[in-house]
2 protein chains.
Amino acid sequence: MPGYDSSQFPAVAVTVDLVVLTVRDDALQALVIRRAEEPYRGRWALPGGFVLPDEGLDAAAARELHEETGLSGSDVHVEQLASYGAPGRDPRMRVVTVAYLALAPDLPTPSAGSDAADAQWLPVADLQAARRSLAFDHADLLRDGVERARAKLEYTPLAAAFCPPEFTIAELRHVYEVVWGDPIDARNFHRKVSTTAGFVTETGETSARDGGRPARLYRRGPVQLLNPPLMRPR
Amino acid sequence: MPGYDSSQFPAVAVTVDLVVLTVRDDALQALVIRRAEEPYRGRWALPGGFVLPDEGLDAAAARELHEETGLSGSDVHVEQLASYGAPGRDPRMRVVTVAYLALAPDLPTPSAGSDAADAQWLPVADLQAARRSLAFDHADLLRDGVERARAKLEYTPLAAAFCPPEFTIAELRHVYEVVWGDPIDARNFHRKVSTTAGFVTETGETSARDGGRPARLYRRGPVQLLNPPLMRPR
DNA sequence: GCAAAAGTGTTCTTCGTACACCCATGG
DNA sequence: CCATGGGTGTACGAAGAACACTTTTGC
């Protein structure tokens, strides 16, 4: 990079795209927007848009998330995922996109109150089964985002990002079961979560009932890394 | 992104930068180039450069690596690290860089035979200790790259990327000790590596001596993921 | 009381850690 | 034979897996 001519550089547009995941109706779901214009008219696309001239990448991701979903950064975990810049990925021009992964709780207002009224949640399994349902290379972004989310549940307490601020251990377990697609022993999971220092903190309240003994309510704990991690069934 | 005007977009340059790491002289070292021009004249910079108009990101990283070090992709493990695009990170213009992490063996021809004759290996510890020795935000890239490398040694067989094609288990252990900065029990490490299926494959040869009983030589095994992982001392 | 879900205790086994011990070579 | 590093065996303890069992609620 030393001594390059700052008036002469390849014309590239930079965007951010968001893989926004949630757990709804016993399924891992992603936020998608139906494209109204060519190319890929009628296909689903991930929310995203240009990075503004004086805006950092994280800020652009947070802004797009807010514009397209009404979600603010404090509700949702957002982290950078990866960048995608294959020359032909957008037929109109050279676009390099920085993808972000966002994990959101299943909010009462799913995706309303925003510009994109046509944004909606769809099960990841459906999007991945229907070949070519996603525009551009967004199937790649989705695959990588889901893979990252699955991996991160193992060694971080991020499953709580899919839960409301207060949650029961059973709700947390349900997140793991949906994201990993495997049943988990409730008893061992309970012990693991409640004995790992800093994973969750007890509120003292108990939950609304759904059948049996009331469950204690917890909030996210202070730790960022689970050590030792939770083991995913192989 | 639906329906944007492809002739009107913010002027952003896209580059790739490389965090190239190796293990040399009992230290984790990074490849750096002394800057001859302003800004940051005289400081160290990571190798990198513009992404060409019809070039993918991975291809740009591989090209820059080859141009600046003579290393080809088959010798070295290269993976995307993260992207950095803070508005002021390059004072001349808006530059978004896609950082790559490369892990190279300690080659006999360190960084010669290339454009950048001023490229050289420096210990990561020295670069991180000397505040402001690195140009731009390259200290961030280096920190993130080192962190990624340390983490990846735990759950992938990538330590072998720091070794020549054939290596002894002691050489592999030395990589772990240098990258993690902690001594490892040679006996348990030997058992772990040799009993984890697919981590390494025996060649049948034995190594040149350095004191004791000759060591068997191994090559990289076929597995991509270590399961269970190696535990890093905490 | 019964069903259902929360939460605890116990056993078995696996695996990391520590370290004693043997092997193969050079000097 | 001794020093040096390579490689194996074994005992201990921590932690996951499986599951019996108790607790607390609604009906």
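Convention: sequence-line order gives letters A, B, ...; per-chain numbering from 1.
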Look at the rings of A:Phe136 and A:His138 and say which category their plane angle falls in: under 30° parallel, 30 to 60° tilted, over 60° perpendicular. tilted
Check DNA chain C against residues 154-178 of chain B and give the residues with a non-hydrogen atom under 4.0 Å, in numerical order. none
Residues A:Asp144, A:Leu141; criterion side chain to side chain contact (heavy atoms under 4.5 Å, CB included); working and verdict: CA-CA 5 Å; A:Asp144 295 346; A:Leu141 278 66; 6.0 Å; no
Could you list the donor-acceptor pairs under 3.5 angstrom formed between side-chain atoms of residues 217-228 of chain A and any protein atom two or more places apart in sequence or on another chain?
from: A:Arg219; atom 1: NH1; to: A:Glu166; atom 2: OE2; distance (Å): 2.6
from: A:Arg219; atom 1: NH2; to: A:Glu166; atom 2: OE2; distance (Å): 3.1

Regarding B:Arg35 and the six-membered ring of B:Trp44, is the cationic atom NZ or CZ under 6.0 Å from the ring centre and inside 45° of its axis? no
From OG (A:Ser194) to CZ (A:Phe189), nearest 0.5 Å: 9.5 Å
Any Lys/Arg nitrogen of A:Arg216 or A:Glu205 sitting under 4.0 Å from an Asp/Glu carboxylate oxygen of the other? no
Using five base pairs at each end, measure the axis-to-axis angle across the helix from C:dG1-D:dC27 to C:dG27-D:dC1 and round it to 10 degrees. 10°
For A:Glu147, is there an ion pair with A:Arg143 - N to carboxylate O distance below 4.0 angstrom? no
Going by distance alone, is a donor N or O of one side chain under 3.5 Å from an acceptor N or O of the other, for A:Asp106 and A:Thr22? no
Could you give me the CA-CA distance, side-chain angles and deciding distance for A:Gln29 and A:Val23, then say whether side chain to side chain contact (heavy atoms under 4.5 Å, CB included) is met? CA-CA 6 Å; A:Gln29 307 213 8; A:Val23 172; over 6 Å; no
Between D:dA15 and A:Lys192, is there an OP1 or OP2 to side-chain N/O distance shorter than 4.0 Å? no
Taking only the side-chain nitrogens and oxygens of B:Arg191, find out if one of them lies under 4.0 Å from OP1 or OP2 of D:dT10. no
Identify the 5'-most and 3'-most nucleotides of DNA chain C with at least one atom closer than 4.0 Å to a non-hydrogen atom of chain A. C:dA4 to C:dT10
Taking atom CG of B:Leu103 and atom CG of B:Asp75, what is their separation to the nearest 0.5 Å? 13.0 Å
Can you give one letter per nucleotide of nucleotides 20-27 of chain D, going 5' to 3': B for a protein heavy atom under 4.0 Å from the base, S for sugar-phosphate only, - for none? BB-BBBS-
Under a plain distance cut-off of 3.5 Å, with no hydrogens placed, do B:His190 and B:Asp185 share a side-chain donor-acceptor pair? no
Can A:His66 and A:Glu64 be counted as having a side-chain donor-acceptor contact under 3.5 angstrom? no
Could you report the tightest heavy-atom contact between B:Leu18 and B:Ala61, atom names first, then the distance? CD1-O, 3.6 Å
OP1, OP2 of D:dG6 versus side-chain N and O of B:His190: anything below 4.0 Å? no
Do the non-hydrogen side-chain atoms of A:Leu127 and A:Leu142 ever get within less than 4.5 Å of each other? yes
So which of residues 218-232 of chain B are in contact with DNA chain C, with a heavy-atom cut-off of under 4.0 Å? B:Pro228
Looking only at non-hydrogen atoms, find the nearest pair between A:Asp17 and A:Gly49 and report the distance. OD1-N, 4.3 Å
Give the rounded distance in Å between these two atoms: CZ of B:Phe189 and C1' of D:dT8. 17 Å
When the nearest nucleotide of DNA chain D is assigned to B:Arg216 and to A:Asp185 on a heavy-atom basis, which residue is associated with the more 5' position? B:Arg216
